[in-house]
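Report on one structure; see the data block that follows.
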Amino acid sequence: MSAEVEETLKRIQTHKGVIGTIVVNAEGNTTLITSTKVDYAGLLHQLTMKARSTVRDLDPQNDLTFLRIRSKKHEIMVAPDKEYLLIVIQNPSE
Amino acid sequence: MSPSKSVSRHSTPSETGSQDSAEGAAAGRSGLSGVSKHQTQAQSDRTLQWDTDPSVLQLQDDSELGRRMHRLGASKITQVDFLPREVVSYCKETQTPITGTTHLSEGECVRCACVRVCVCEYFIIDITQHSIAPSLQELTEEEKQQILKSEEFLSFFDCSIRVMERALAQDSDIFFDYSGRDLDDKEGDLQGGSSLALSRLFYDEHWSKHRVITCLDWSPQYPELLVASYNNNEDAPHEPDGVALVWNMKFNKNTPEYVFHCQSPVVSVGFARFHPNLVVGGTYSGQIVLWDNRSHRRTPVQRTPLSAAAHTHPVYCVNVVGTQNANNLITVSTDGRMCSWSLDMLSQPQESMELVYNKSKAVAVTGMAFPTGDVNNYVVGSEEGTVYTASRHGSKAGICEMFEGHQGPVTGLSCHNAVGPVDFSHLFVTSSFDWTVKLWSTKHNKPLYSFEDNADYVYDVMWSPVHPALFAAVDGMGRLDLWNLNNDTEVPTASVTIEGASALNRVRWGSAGKEVAVGDSEGRLWIYDAGEGPVRTDPVGATVCCWIECAKTWTWRKGSQSIGQGNNQREG
């Protein structure tokens, strides 16, 4: 991992309330980076794919740019891309 | 397979249990099958080869056969083996290691190259199998590193991380509900005093026994100290009549920090606010006594003379008001005399005043309280059940207004203490022998509300120093009640009866609003923790909510002006 990437990841990880950061590949079967012990990657990948397909079904010119799931305990933010998925889990009340 | 056989199987669709034998030896069935065999064979000559409509056959059976004897015989059992269903299970843990050991088994941590125990946050996983997605991919460490260094990854990362940081920095609590309704569900407490738990009991065999606790006060300098005054012990006439004990909450010892006594029963006591070493006591004889914890003496270091210039009746209220530089000790006795003293000179009062209402009758004062921040105006409660406001100086010095409402002597009086964004300093509560606690405002001379949940004399009441809607009350049945006006005005939010159910004479909140000290008629001093319940993670928001709730409650009260009735028309 390059130092820059590492440093950025560290900055994100130490942001207020951030619980974990995950990077998955586009197929959802390889987790490249994770800082949590819980398996968010597989589940969130499926959800992101579904969300993306929903968006594209509604309008084929459209595409998913960001996915945010707010739950009672956490907020999960997914930034999808063609090749990878960046997932950050945050505890918003901190 | 002959059609009849298949047919016969079909013709008995409801038969369960043993299978049809291949030979059809079962008489009943074979009988039937036999018939149907003939039938269908006959039919088959005329109709289709396989007439497998079971309903048709059923009808024919019934009509042709009528009632037949079923001959029973042994039948051969065919065994059919069903293999257990294969339950496909996915092992999730293969995707991301759950424990660090998986990390270790990879060899070395890529980031810090340590082999054994690695405490770095990021560990690169080697995926060996993945069952959720259809395709399996095996990536070695190097491959992963390659990916992470690749151009496309870096550009993806760069873009997404930018967006992510902006998203992270956004306001998190979009769900905050200012009405406070949200908090009730979450049990984020604004319950305030939703539970009472006994913390300690202070009792001294020698000094507390058979004495009634007449007054309590927490120290303003040391929040763990509190002083309790006791009246006389009838069983021990040779012991001093008046006792004041200073107890310490911080340590586990069960003996008082300081023991003070004097010759006359002490009916009121307080720490001198601006003199950390002095304890002031008001006695039954009218003398004011001063104890000093710097001296080794247990008897008062100073006392006021018993003269007509001072008090000659029991002094039920002693209060130090003012500021560090300009302070006075205000004392009021039951003959209506109010004296103002300087603690440096107790030989005579600085000023004294008779509290008379309408220039006619003197007020027999049983309690006195100063509103927060006010040194001139104060409120007094009397034996007749009336409450008066009075002022010390100015053109209207003396009794100003009368507040009628109680039907028995007023036992306790408390002005709203909590300081916050909304000003409630005009509110005060009173307790009385008439079994009620009443809420008043200095702006109206009828009570705003009457709390009637008690079944005995209510001996004392006090507002919480921090929570704007919470107050405590004690009664003669040994009950300590916490009322939270934000929750309910009909019943107390928390209530506890002390062990032994002796009458509770005094209640005092600790300065942090977390503890309540209660003194009873047996000389026992109980300390209760007023549980706040689970508090919201946002204490500032919680406090604000608390005040807003109180303000809402207050505006409702003003609107409906319910006087003494228990009607509770709140929608919430």
Side-chain angles (χ1 to χ4, degrees), chain A residues 1-2 4-18 20-43 45-46 49 65-68 70 72 75-94, chain B residues 90 92-100 102 110-111 120-127 129-139 143-145 147-150 152-176 186 188 536-538 541:
Chain A
M1 237 191 315
S2 76
E4 224 179 84
V5 169
E6 220 179 272
E7 195 208 307
T8 319
L9 277 171
K10 181 142 179 213
R11 196 175 68 236
I12 293 279
Q13 191 64 23
T14 51
H15 195 280
K16 186 175 85 132
V18 171
T21 314
I22 302 169
V23 176
V24 201
N25 72 337
E27 283 86 36
N29 54 11
T30 313
T31 307
L32 296 165
I33 296 167
T34 182
S35 70
T36 68
K37 295 202 171 19
V38 187
D39 177 23
Y40 287 96
L43 295 164
H45 176 267
Q46 290 178 57
M49 292 304 122
T65 52
F66 200 81
L67 182 63
R68 228 176 174 180
R70 187 66 188 266
K72 272 201 248 180
E75 176 157 17
I76 303 172
M77 290 171 275
V78 181
D81 184 76
K82 262 188 11 191
E83 301 266 340
Y84 307 99
L85 232 61
L86 170 65
I87 303 167
V88 173
I89 301 108
Q90 186 194 28
N91 184 352
S93 55
E94 277 176 38
Chain B
Y90 296 115
K92 279 180 151 181
E93 65 193 1
T94 52
Q95 174 152 18
T96 332
I98 290 173
T99 62
T102 324
V110 187
R111 181 177 143 154
C120 74
E121 287 174 351
Y122 298 104
F123 35 97
I124 311 300
I125 306 96
D126 190 1
I127 308 296
Q129 14 165 344
H130 183 81
S131 41
I132 301 172
S135 64
L136 297 179
Q137 219 177 8
E138 276 209 30
L139 287 185
E143 280 179 7
K144 256 194 236 125
Q145 282 302 299
I147 292 178
L148 289 175
K149 291 205 176 88
S150 66
E152 29 183 58
F153 178 82
L154 288 174
S155 72
F156 144 77
F157 194 77
D158 194 41
C159 290
S160 331
I161 214 78
R162 217 176 285 279
V163 172
M164 193 58 82
E165 280 205 80
R166 289 182 207 142
L168 275 176
Q170 261 188 351
D171 278 339
S172 44
D173 206 358
I174 57 177
F175 292 105
F176 190 78
K186 274 198 278 194
R536 283 191 69 221
T537 50
D538 173 19

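So that the names make sense, note that chain A is the first sequence line, chain B the second, and so on, each numbered from 1. Atoms considered below: every heavy atom in the structure, side chains included; atoms not considered: hydrogens, waters and symmetry mates. Everything numeric here is computed off the predicted structure, so don't read it as measured data.
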For residues 76-87 of chain A, which side-chain N or O atoms pair as donor and acceptor with protein atoms under 3.5 Å away, sequence neighbours left out?
residue, atom, partner, partner atom, Å
A:Asp81, OD2, A:Glu83, N, 3.2

Examine whether an atom of B:Ser155 lies under 4.5 Å from a heavy atom of chain A, and if so say whether it belongs to the side chain, the backbone or both; otherwise answer neither.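 Interface part for B:Ser155: neither.
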Interatomic distance, A:Thr8 atom OG1 to B:Leu154 atom CG [nearest 0.5 angstrom]: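 Reported value, rounded in 0.5 Å steps: 9.5 Å.
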Gap between atom CD1 of A:Ile12 and atom CG of B:Leu168 - 0.5 Å precision: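 Spacing of CG (B:Leu168) from CD1 (A:Ile12) equals 5.5 Å.
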Output, in order, the C-alpha distance, side-chain angles, deciding distance and verdict of side chain to side chain contact (heavy atoms under 4.5 Å, CB included) for A:Ile33 and B:Leu148. CA-CA 9 Å; A:Ile33 296 167; B:Leu148 289 175; 4.0 Å; yes
B:Glu165: what forms a side chain to side chain donor-acceptor pair (under 3.5 Å) with it, not counting sequence neighbours?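 Result, side chain to side chain donor-acceptor pair (under 3.5 Å) vs B:Glu165: A:Arg11.
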